Amino acid sequence: MIDGERNGPMKRVRFSVLALVLAFLFLSASGTRSHVESAGAVGATQIVLLGTGTPNADPERSGPSIAIVVNDTPYLVDFGPGVVRRAAAAFRKGVKGLAVKNLSRAFVTHLHSDHTAGYPDLILTPWVLERKEPLVVFGPKGIKPMTEHILRAYSEDIDIRLNGGEPSNKTGFKVITHDIKPGVVYRDQNVTVKAFLVNHGSWREAYGFRFETPGRTIVISGDCGPSPSVIENCQGCDVLIHEVYSQSGFETRAPEWQRYHSRYHTSTRELAEIATRARPGLLILYHQLFWGTSEDKLLKEIREIYSGTVVSGKDLDVY
Ligand SMILES: [Zn+2]
Ligand SMILES: [Zn+2]
């Protein structure tokens, strides 16, 4: 009895240590599992940042483009310069769905050149690499004439590939365009895509998109100044991918650029407030305008106000 009382606390200590070890093992195992899922188990939704850049020709950051890949089917949002080669790089990294010939569906936020300069590449290169289906593109008014002009500009190339003896299919260079309006713009067995208007300076039509997949809800801001529609469409979504500029970098800009950027884009301070209200599971910074600020400083500016999980996206990141 006396021995038992003396041993009691020791047993309790041993039990607590065992419980801690077991808890650690369990947490490590579940951590590994979620990592595997985000790296792309069958049936998973992958978010692949193909390009996180801006009009600045940063060699580390390709033109803006995001791929939502569901059951190995890719859905692109925007096609900035470099889009096809970044998809090939992601494929090489193990994202099977981003084989170049699979690139056949795209959604366009707005027609700024940094988001669309990869369009001829997206129309023509996957065709040369054996895409048979026409490219299907959903975008604002103006996407149709842009498409027609590009096809006309490349008519000599298309003619020689069709009729000059090159083994080529007769369909993969074609493009089917759809002018979109706010609301659900696309639905199949993998995704429902909803478009919503955002404030992007003088653009009459600039969209954000909400993707609902079997496992996740993902909201992409597109380019915008603070827009209540982003908050309304996220409301606790799994992932919010939002454009941003550094507040401290902004303060170093000339007054005429400050006037422009404050109408067209969102500061770290403004985004922190937006995210606090939108409550995403994960906030990914995208289309970052640093203006000499470091990535750490950019994140620090957000975290001063926002307490949720936030990362600064880089090209070829997979979430
Ligand atoms: Zn842009
Ligand atoms: Zn823009």
Side-chain angles (χ1 to χ4, degrees), residues 47-68 76-87 106-122 137-143 145-147 179-180 182 195-210 218-230 233 240-247 249-250 253 256-268 270-271 274 283-293 295 298 312-317:
I47 300 167
V48 186
L49 304 182
L50 294 176
T52 58
T54 63
N56 298 322
D58 180 346
E60 304 292 316
R61 293 181 183 270
S62 204
S65 183
I66 298 169
I68 307 295
L76 299 182
V77 175
D78 289 340
F79 25 75
V83 55
V84 175
R85 272 156 176 77
R86 279 298 202 247
F107 300 83
V108 189
T109 58
H110 66 302
L111 299 180
H112 252 152
S113 57
D114 54 320
H115 297 250
T116 52
Y119 199 13
D121 192 21
L122 182 63
V137 179
F138 300 81
K141 194 170 157 37
I143 192 69
M146 181 185 271
T147 307
D179 285 355
I180 58 174
F196 55 91
L197 286 166
V198 292
N199 306 321
H200 189 34
S202 300
W203 282 99
R204 277 220 294 239
E205 268 186 283
Y207 288 100
F209 292 107
R210 175 183 161 101
I218 300 150
V219 172
I220 297 168
S221 70
D223 280 10
C224 62
S227 299
S229 56
V230 171
N233 279 279
L240 171 60
I241 305 171
H242 204 296
E243 71 120 84
V244 72
Y245 66 80
S246 159
Q247 179 64 38
F250 175 81
R253 301 285 285 167
E256 65 271 27
W257 277 107
Q258 288 193 349
R259 272 196 296 280
Y260 172 79
H261 288 300
S262 58
R263 285 184 61 222
Y264 277 76
H265 297 291
T266 301
S267 73
T268 40
E270 289 163 339
L271 179 55
I274 288 164
L283 170 64
I284 302 175
L285 310 183
Y286 167 73
H287 196 281
Q288 302 98 318
L289 284 162
F290 292 98
W291 297 314
T293 311
E295 198 143 47
L298 192 77
S312 182
K314 293 187 175 63
D315 284 23
L316 298 177
D317 278 353

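What you see is a predicted model, and the numbers here were worked out from it, not measured in a lab. Just follow the structure's listing: the first ligand is 1, and inside any ligand the first atom is 1.
Between L289 and S246, every side-chain heavy-atom pair lies at or beyond the 4.5 Å cut-off.
Closest N/O/S atom of H112 to the Zn ion (ligand 2): ND1. Of all N/O/S atoms in D114, OD2 sits nearest the Zn ion (ligand 1). The atom name of the N/O/S atom in H200 closest to the Zn ion (ligand 2) is NE2.
In this structure a side-chain-to-backbone donor-acceptor pair under 3.5 Å is present from S262 to R259. Within the 3.5 Å criterion, the main-chain N or O of G313 finds no donor-acceptor partner in the side chain of D317. No donor-acceptor pair under 3.5 Å is formed between the side chain of H287 and the backbone N or O of T52.
With a cut-off of 2.8 Å, the Zn ion (ligand 2) has no N, O or S atom of H115 in range. For a distance bound of 2.8 Å, the N, O or S atoms of D223 include one lying that close to the Zn ion (ligand 2).
Ring to ring, H265 and Y245 are not that close: their centroids are 6.0 angstrom or more apart.
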